Every structure is written in structure tokens, then in C-alpha cells.
Amino acid sequence: MSTIPATPGAATVPPVTEDPTPPRARRSGRLAGGANSRWFPYLLVFPLALILFGYVVQPMFATFAESVGVDGLANYRVFLTGDGVARSSLVTSLVISAASVVLCGIVGVAMAFLLKRFSFPGRRLIEAIILVPAALPPLIGAISFQLLYSETGILPRGLQHLFGTDNPVLPFSGIAGVLVVHTFTMYPFFYLATSAALVGMDPSVEEAAYNLGAGRVRVWRTVLLPMLTPALVSASLLVFMTSLASYTAPLLFGVDQTMTMQIYINRTNGDLPMASTYAAVLGVVSVLFLLGMRWYEGRRSYRSQSKGVASHRREITNPFGRWLALLASVLATVVLLAPVGTIALVAFSQDGSWTTEVIPSAYTTQNFVTIFSDPEAYRPIVNSLQMSLLATVGCVVVGVLIAYAVRRLDFRGRGLLDVAVMLAWALPGTVVAINLISAFSTGNAFSFGQVLIGTFWIMPLAYFVRFLPLVFRSSSATLAQLDPSLEEAARNLGAPWWRAFGTVTLRLMLPGVLAGALLAFVHGVGEFVASVLIYTSETAPISVEINNRMYSFEVGTAAAYGMLQIVLIFVVMVVSGRLESGRKASREAARWTA
């Protein structure tokens, strides 16, 4: 510490002290939680890294070891040079995923431009329901489309009766059916990303291009699309990965030669080494696509240097255009709500009563009475709630601590920890399930010497691995908005790290943590892809029970389970919206406090 000598009649100059914080930590805002020991970050991170290694990374190695087995690379040679099923499955999966990206991009981007750039009758109604497909669990979404558009669906048979044809009209099946399901359920990824980009885009850049004589096509190619590239890359990544991991749509529309279906078929036939080979190849493809899209996005900067204002919607004034927009709004409303309406309708139908009729002919409330009163029918509900709750608790504890470590602590390997926690999100659910089967079919240190396959605990563990990234990302985003000085102030007043973290940081993070926890919980309740590979008759969740009831032709009871999931998801969406408002209020309070 140094002082400046005072001179007579001059004001006393306060002492000038050096900030003891290392420059690197001071620049990044990451302190060791206010803890005195330089080893504190590593003491906190070590158990977290051990958990990620034991339940995310190590199972991946176990799957590769299982695929190699005693025959070395024989399974991979069969994959590449065998009867062609493996190669055909890989090509089919890639084609379906690429086509899903294109179709979802066309629908999602068009809807975003229509709703964010134009004002027309019915716009507010469409905006209110446009995200309904995102609220449907994957299995329920696929089943609703099967009930609506397959050869035995309501629409093709309705058109058959209307036109008096011998066969259903315009039924969807095979790859076409899969693409219809993917387009309807996944276009919100493009819509949300493009809408956010359009809202923040400066219209003066586009107007300047028009003023310089550029046509609409050139403006789209040289101005709009480059500015939308980050949003389009992000949405493409989500759609491609989700399509590649899709299992329910290929299952229900009879597309057997996909990677996920082959994993299930080989696992069901008892050929775990070959199932592991498929899983390893699918995991590598997923990670390579993730890295490729990140590389493409990072090649150049897409940030505008303009300081203009946000764009405004243009009113459609042409009378014909307004009537056309109104008609399109009504049609879009029917299409968006039809899947939910179909599930609700069928949920009240008697099991076995719907055969050749266009819609069910007999209705009852007994389906709902059965699933809540019959112990055997009620067990899947209890299983799903218990397993999802356990997994969510684990996701909150581990996800919040990892988010804090990545955002606040300064230690070597921080980026590696970030990648490890998101790795499971890049892997399809079938791959996660095969990883856990390979790792815990025998006892090891991470299962405390116990075999987990065939037990209750493998299910919440799978949900924990799959949905930990949801809590981590939500917590990390919230933490990024909080000033570290708030926690440092508590530490300077003498509070130990754990108290400062619990009473200051965690309380301010709470809305974001709860939002991520609710997402993890509701995803767990609707999870099917991993569950179908590892469940037992005693641990079957709601999604597996829905699938089993469908194959037993108990369509009404299956739809009743589906309605229960849909209602739960809509409740969570409402609560999440309120939490988002609370999160904004917390950020504002933190800003003013700072």
C-alpha cells in the first residue's frame, strides 16, 4: 500500500491500494467463489467431473469396447460390407435428417417472416398457438399424426367416404409419413430462432440495399440470409440432431431401416455388440455434424455495425390479400390444433370400438377412471413421476454447481467441463441407453458394485444424463446476467462461501434454475426413446405404456395417458412463462442493486 504525502491546506488524499485480484480473474469476472484457497475450484469441480466421467464419458467408452468385443473390428466390417442393411440404415437416417432440416426451414422461416414482418387478420391467434407442436411429447406427436394421416387415419378415410373411393385418399406412410411428423413437430426450432433474429435485425440495412438498386432475390441472398446465418445454423443443428435421434416416427410409420430402429432391433434380438456398433457410429455422426456446423458458423462474423431501430410490421391493405390471410389463418389454426384435438377425441373413445369408422363411434370416461383407479394402469404414472423427479433433483444439484464452476471459477479445463456436460445432448436417446447398458450390465465403481440393468435406478440415471444439459444451460444463462460483485460483497462482510452462494447467488438464480428443472421434469415424464431399451415390466413409464396399449389396440386408454402428458406440459409452459417474468425481474433487481 502506498500513500501520497499531504501538503498544508490541501485535502487529504485517501490511500491508493492495489487490487489483489489477479488480472485474468478481474477481467473475466471469475473468482474462486471468494474462497481463500487457490485449490477451492478444483475441490468443487473434482466430484462434478467425476460424475460426468462416470455417467456420460465412461459409458461411451464402454459402448465402444462392447462393439469391438473379442473380434476386434469385425462388427464394423459387417457394418460397412455386410448385407447392406447397416449402410442403408445410415443413408436413410441421413437423408431423413437432411430433408427434415430443409422442410422445417421452409415452414419455420416462412412463418417467422409472415408473423414478424406483416400484420393481417388472425395473426395474433396464430402467434398464440404456433408453438403447440413443441408442447407435444415425441411419442404423442407421432401417434396423433398416425391417427390423423395414416392409411387408417381420420383424414384419408374421411376423404375416402366423401369421394366414394375404394382406398383411403392421400394417406401418409413410410418416409413421407416420417417427414410430415418431423416437419410439424420440429419447425418451431426454425421459427423461434428466425423470429428472434428478425426482431433484433436493423431494417435500415435491408432498406439501404433496396435503395442501391438491389432486387428482392439479391437482398435475400446478400443481406437477409447472411444476417440470419447464426439462427439458421442453430436451428439446423437442433433439427438434424433431433431427426437423427428420432425413433417414434419411424416405428409408427414402418421405416425399419434407420439407425435408431436397427439399434432397437439388435438390442431386442440380444445382439448387444452390433447394437453398440450402430450406437457408436450414430454417436460419431452426431458429434461430427455438431462440430461441422459450429465450424461453418464461426468462419465469419454476422454482426451488423448499424445502429438503426427495430423493424415494424407492414399492414396487408389489399382486400384480396386480407381475405386470403384470414383464410390461411383459419387453416393454420385447424392444422396446428388438430393433433391435440385428435388425442382428446380418441381419449374418450371406448377401447376396441374404433375399427373402420372415420371417427370413433362409442365414447366413455372410463379410460380416465381406469388409469387413475386400476393399480396396474396407475403404476406407469407413478413410475414416470418418481423417476423424473429423482432425475430432476440430480440435474438441479449437479447442473447448478457445474454452471457456477464454468461461469464463476477460474481453473484449467473449464472448457472441457462445458463440453462434457453438453455431450449427452448431442447423442441420440438410443445411444445414451446403449451406453448405459454397456457400462452397467456389470457392477463397477460408479454403480457401487451393483448391476443396474433391470433395476429401477437405471431409468432415472438415463433421464439424468439426457436432461442435465437443460438445467445446466438455463442456470448458466441466468448466472451470466448476475454481477459477481453481489456475492463478493457478502464474502467481504464475512459470510463463508457456501452461505454467500446459497443466500445471494442461488436465490437470484432461482427462476432460471426452476425453469430448467421444470423442462427436465416434463421431458422425463414424456421420455420414450431411451426408456424403451432399458425398462422392465415393473418400471415401465407412461410413454412405454402408451406404446404397449397402442399395440394391444387399447387406443382410447393410450390416448388418455397422452392427454395426461399434454395437460402436464401445458401447465409447465404456463409456470415457465411466469418464471421467465420472475427471471427478468431478478436481473433488473440485480442490475439496480449493483
Side-chain angles (χ1 to χ4, degrees), residues 59-60 62-64 66-69 73-104 138-139 142 174-179 181-182 185-186 236-293 423-438 462 465-466 527-534 547:
M60 293 176 58
T63 294
F64 179 73
E66 183 70 38
S67 68
V68 174
L73 300 177
N75 287 325
Y76 290 94
R77 285 195 294 270
V78 171
F79 186 94
L80 295 174
T81 62
D83 57 8
V85 173
R87 297 192 303 276
S88 175
S89 299
L90 178 59
V91 171
T92 302
S93 292
L94 293 175
V95 169
I96 289 176
S97 298
S100 298
V101 170
V102 174
L103 292 174
C104 291
L139 180 62
I175 292 179
V178 173
L179 290 176
V181 174
H182 285 185
T185 57
M186 298 178 195
S236 298
L237 180 61
L238 287 171
V239 171
F240 187 90
M241 302 288 281
T242 307
S243 301
L244 199 63
S246 176
Y247 170 75
T248 53
L251 173 69
L252 294 176
F253 283 90
V255 183
D256 292 336
Q257 291 193 7
T258 64
M259 294 292 284
T260 51
M261 285 296 294
Q262 289 301 311
I263 290 173
Y264 175 77
I265 291 170
N266 281 277
R267 162 63 176 159
T268 304
N269 293 336
D271 193 354
L272 183 57
M274 199 62 201
S276 300
T277 303
Y278 276 94
V281 172
L282 188 57
V284 169
V285 170
S286 300
V287 173
L288 287 178
F289 184 79
L290 172 65
L291 296 176
M293 295 300 283
L423 190 59
W425 194 249
L427 298 177
T430 48
V431 176
V432 172
I434 292 296
N435 289 349
L436 295 178
I437 292 171
S438 301
V465 172
R466 289 210 69 193
E527 210 287 328
F528 174 68
V529 178
S531 301
V532 74
L533 289 171
I534 56 178
N547 187 60

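Please read all numbers here as calculations on a predicted model, not as lab measurements.
- To the nearest 0.5 angstrom, S531 atom OG is 11.0 Å from N547 atom CG.
- Note that CD1 of I534 and CD1 of I437 are 6.5 Å apart. Values are rounded to the nearest 0.5 Å.
- Judged purely by atom type and a 3.5 angstrom limit, S93 uses its side chain to pair as donor or acceptor with the backbone of M259.
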Check your understanding: L533 and I263: side chain to side chain contact (heavy atoms under 4.5 Å, CB included), yes or no, with the steps?
Key -> CA-CA 9 Å; L533 289 171; I263 290 173; 4.3 Å; yes

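- Of all heavy-atom pairs between M274 and V78, the closest is CE-CG1, 4.2 Å.
- Distance CD1/I434 to CZ/R267: 6.5 Å, rounded to 0.5 Å.
- Judged as a side chain to side chain contact (heavy atoms under 4.5 Å, CB included), and not counting sequence neighbours, the contacts of A245 are P428.
- A side-chain donor-acceptor contact under 3.5 Å links S67 and Y76.
- Here the closest non-hydrogen pair linking L179 and S100 is CD2-OG, 3.6 Å.
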Point to revise | From CA spacing to verdict: side chain to side chain contact (heavy atoms under 4.5 Å, CB included), V529, T260 | key: CA-CA 9 Å; V529 178; T260 51; 5.6 Å; no

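- Side-chain contact check for L252 versus V181: every heavy-atom pair is 4.5 Å or farther apart.
- One N or O on the side chain of Q262 and one on the backbone of D256 form a donor-acceptor pair closer than 3.5 Å.
- Distance alone, capped at 3.5 Å, is enough to place a donor-acceptor pair between the T63 side chain and the P59 backbone.
- The distance from the CG atom of N75 to the OG atom of S276 is 8.5 Å, given to the nearest 0.5 Å.
- For the residue pair T248 and F528, the shortest heavy atom distance occurs at CG2-CD2, 3.2 Å.
- Atom NE2 of residue H182 and atom OG1 of residue T242 lie 9.0 Å apart, to the nearest 0.5 angstrom.
- Using a 3.5 Å distance cut-off with no hydrogens or angles, the side chains of Q257 and T92 do not pair a donor with an acceptor.
- Remark: of the listed residues L427, N435, V432, V432 is the sole one forming a side chain to side chain contact (heavy atoms under 4.5 Å, CB included) with V465.
- Contacts classified as ring-ring contact (aromatic ring centres under 6.0 Å, His included) and involving residues 78-98 (residues at least two apart or in different chains) are given here: F79-Y278.
- Distance CZ/F289 to OG/S236: 6.5 Å, rounded to 0.5 Å.
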**Study point:** Test side chain to side chain contact (heavy atoms under 4.5 Å, CB included) applied to V285 and L94, step by step
**Key:** CA-CA 9 Å; V285 170; L94 293 175; 3.9 Å; yes

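- Between the S97 side chain and the L244 main chain, a donor and an acceptor come within less than 3.5 Å of each other.
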